[in-house]
Amino acid sequence: MNKKMELLSPAGSMEKLKYAFAYGADACYLAGKSFGLRANAANFDEVEMKEAVEYAHARGRKIYVTLNIFARNDDFEEIKQYVKFLESIKVDAVIISNPGVMKVVRENTNLEIHVSTQANVVNKYEVEFYAKTIGAKRIILARELTLHDIKGITEHIKKEKLDVEIETFVHGAMCISYSGRCLMSNFIADRPSNLGQCVQPCRFKWEIRPMPPENSDVHEGEDRQWMTLETTENASYIMNSKDMMLIEYIKEMQDAGIAALKIEGRMKTAYYVANVTNAYRRAIDGSSKPKDLKKELLKISNRTYTTGFMFDDKKIRENQKESISKSTHDFSAVVLGKFTPDEFFVKNTKLKKNLYLIEQRTKFEAGDTLEILSPSKAFNKTIKVKKLYNEEGNPVEVANLVQQKLVIESAYQLSEFDILRKIK
């Protein structure tokens, strides 16, 4: 491989951003309080946005801001001021789906434009159009393309000497509609998906029943026999996509000319961001075997996995049994750093060295075995928690207080942002 692909991770909050960078992301994408497509994420106010950019740049990383709502006429005066602010704090690019927003950004700033997947770019001439007309520097392709399709696009870029590169999604939830363009949530819940408020009705279990004939005495609310929408004998999740996972195909994607790999998940937890970022960082760097990393991705929440449309195969892409995500491990605690005990602590405990302060996330007990998630060599090593103490040196048998600070001993060197997890 030549130049490594950029790894782009989601940051729904400052905490998630820090975990993403700790675990090897080259860049993070995030949103302000307005104009992104994840209205229910914590997102960043202007002070936090500036802090995020400074945090990233101090580490040689990048920040891309999503500006990918389908804007209405009344949005544009505020958008003009917002993009000028983004330019002033030196964000590295804005991610946009709507040509009108692109026009306003181009006329009012020198911000780099990345064309969002919501723009549904599926062919080489669209790429050429955005590169030449808008001056877009990156196109995030629609998720319904095959690797063959993508290679055709990158070859066209090279042939026409276009100053643009290609980004594709590599992991995470997939929308059943064309690249997120869906009105189902609008109709069912009056929550516009393209303004960031989707309730994901495609994940619901659906049933149908006959409507009464016109002029019938049977009223609509009366009981009638339900008819199950079936794709197998016992399933009715006909719009519930499996999650994308392409951890085994890094080389193929780079050979196809893809410049950046994007992880979905601004609504996911910091643990999720850390786990997925860590896995794809190791895959890109070649420091772990793909088959081991595939197992790693089963440890976090998922609706079972698919390669999506990347290989034009005929495998089933929808999860026909359920929409609830499952995982094999619980996020037990996060490492806050080294713990330096005072004399009282040393005197009253049996812990002597290699002590670490952790913060509880889910219940675990003294005697449990915890696995280490880390970007370091401690990755996937295990700790037998023989003794567990609070900061005052009092023994703790069960860690069941939310975000309780505790002290453990570890034979392995741990660092801030390392995570401890337990098999379910």
Side-chain angles (χ1 to χ4, degrees), residues 6-69 82-95 111-112 114 116 171-173 196-197 260-281 300-301 331-337 357-362 373-376 402-405 414-421:
E6 179 182 271
L7 180 60
L8 178 57
S9 294
S13 67
M14 193 66 189
E15 179 195 31
K16 296 172 190 178
L17 179 142
K18 290 180 177 179
Y19 273 92
F21 286 142
Y23 281 82
D26 297 304
C28 277
Y29 65 102
L30 52 87
K33 296 294 184 180
S34 303
F35 310 125
L37 278 182
R38 291 294 181 271
N40 292 326
N43 293 328
F44 293 71
D45 61 27
E46 291 191 355
V47 173
E48 293 166 334
M49 186 91 68
K50 187 173 186 295
E51 180 187 352
V53 173
E54 291 172 350
Y55 186 90
H57 289 177
R59 290 158 178 77
R61 316 295 176 86
K62 294 181 178 182
I63 295 292
Y64 306 140
V65 176
T66 61
L67 195 59
N68 55 348
I69 66 161
Y82 182 58
V83 297
K84 289 176 181 177
F85 163 74
L86 295 180
E87 184 177 43
S88 74
I89 64 171
K90 297 181 170 57
V91 302
D92 296 282
V94 284
I95 302 170
L111 285 167
E112 182 172 304
H114 293 182
S116 171
H171 193 94
Q197 300 173 36
L261 302 179
K262 187 172 192 174
I263 297 166
E264 181 275 337
R266 276 186 288 147
M267 297 291 290
K268 300 292 178 60
T269 65
Y271 169 51
Y272 180 96
V273 172
N275 185 299
V276 180
T277 302
N278 185 55
Y280 282 91
R281 178 78 275 155
I300 53 166
S301 61
F331 175 13
S332 300
V334 59
V335 178
L336 300 179
L357 185 65
I358 64 174
E359 189 173 86
Q360 184 263 13
R361 285 295 186 271
T362 57
L373 172 62
S374 174
S376 73
V402 178
Q403 294 186 306
Q404 181 182 15
K405 290 182 174 58
L414 303 178
S415 301
E416 183 184 10
F417 299 116
D418 284 354
I419 286 171
L420 305 177
R421 56 193 177 186

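Heavy-atom basis, side chains included; hydrogens, waters and symmetry copies ignored. Along the sequence shown, residues are numbered consecutively beginning with 1.
- Atoms CD and CZ, on Glu46 and Phe85 in that order, are 4.0 Å from each other to the nearest 0.5 Å.
- Here Thr269 contributes atom OG1 and Glu15 contributes atom CD; the two are 8.5 Å apart, rounded to the nearest 0.5 Å.
- The line from CD of Glu112 to NZ of Lys62 is 6.5 Å long, rounded to the nearest 0.5 Å.
- A distance-only check finds a donor-acceptor pair linking the side chain of Thr362 to the backbone of Phe331 [under 3.5 Å].
- In this view, Ala260 and Glu6, Arg138, Glu167 satisfy the side chain to side chain contact (heavy atoms under 4.5 Å, CB included) rule, not counting sequence neighbours.
- Proximity of a side-chain donor or acceptor of Glu48 to a complementary backbone N or O of Asp45 within less than 3.5 Å is detected.
- The main-chain N or O of Asn68 is never found under 3.5 Å from a side-chain atom of Thr66 such that the two would form a donor-acceptor pair.
- When every heavy atom of Gly24 is checked against every heavy atom of Arg281, the shortest pair comes out as O-NH1, 2.8 Å.
- Side chain of Tyr29 to backbone of Ile263: a donor-acceptor contact under 3.5 angstrom is found.
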Walk me through it: do Leu86 and Met49 pass the test side chain to side chain contact (heavy atoms under 4.5 Å, CB included)?
CA-CA 9 Å; Leu86 295 180; Met49 186 91 68; 4.2 Å; yes

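- Taking every heavy atom of both residues into account, Ala20 and Thr277 meet most closely at O-CG2, 3.6 Å.
- Annotation: side chain to side chain contact (heavy atoms under 4.5 Å, CB included) contacts of Ser415 (sequence neighbours excluded): Asp418.
- The minimum heavy-atom distance between Asn43 and Gly32, with the atom names listed, is CB-O, 3.4 Å.
- Ring planes of Phe21 and Tyr55: parallel class, angle under 30° (limits at 30 and 60°).
- Side chains of Val65 and Tyr82 form a contact here, defined as non-hydrogen atoms less than 4.5 Å apart.
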Where do Arg361 and Glu359 land on the salt bridge (charged side-chain N to carboxylate O under 4.0 Å, His left out) test, with the steps shown first?
CA-CA 7 Å; Arg361 285 295 186 271; Glu359 189 173 86; 2.7 Å; yes

Does Lys16 form a side chain to side chain contact (heavy atoms under 4.5 Å, CB included) with Leu30? I'd like the steps, not just the answer.
CA-CA 10 Å; Lys16 296 172 190 178; Leu30 52 87; over 6 Å; no

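- Residue pairs meeting the salt bridge (charged side-chain N to carboxylate O under 4.0 Å, His left out) criterion with at least one partner in residues 82-95, sequence neighbours excluded, are absent.
- Side-chain contact check for His114 and Tyr64: no donor-acceptor pair (N or O, by modelled atom type) lies under 3.5 Å.
- A donor-acceptor distance shorter than 3.5 angstrom exists from the side chain of Gln360 to the backbone of Gln403, with no hydrogens or angles considered.
- The two residues Asn278 and Pro375 come nearest to each other via the heavy atoms OD1-CA, 3.6 Å.
- Summarising the geometry of Ala274 relative to Tyr19, their closest heavy-atom pair is CB-CD2, 4.1 Å, with the distance given to 0.1 Å.
- Note that the CG atom of Asp26 and the CZ atom of Arg59 stand 14.5 Å from one another [nearest 0.5 Å].
- Rounded to the nearest 0.5 Å, atoms CG (Leu414) and CG (Leu336) are 11.5 Å apart.
- Between the side chain of Arg61 and the backbone N or O of Cys28 there is no donor-acceptor pair closer than 3.5 Å.
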Steps toward side chain to side chain contact (heavy atoms under 4.5 Å, CB included) verdict (Arg421, Asn275):
CA-CA 11 Å; Arg421 56 193 177 186; Asn275 185 299; 2.8 Å; yes

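- When atom types are taken as modelled, the side chain of Tyr23 and the backbone of Phe417 share a donor-acceptor pair closer than 3.5 angstrom.
- For the atom pair CG (Leu67) and CG (Leu111), the distance works out to 9.0 Å, reported to the nearest 0.5 Å.
- For Ala52 against Phe44, the heavy-atom pair with the smallest separation is CB-CE2, 3.9 Å.
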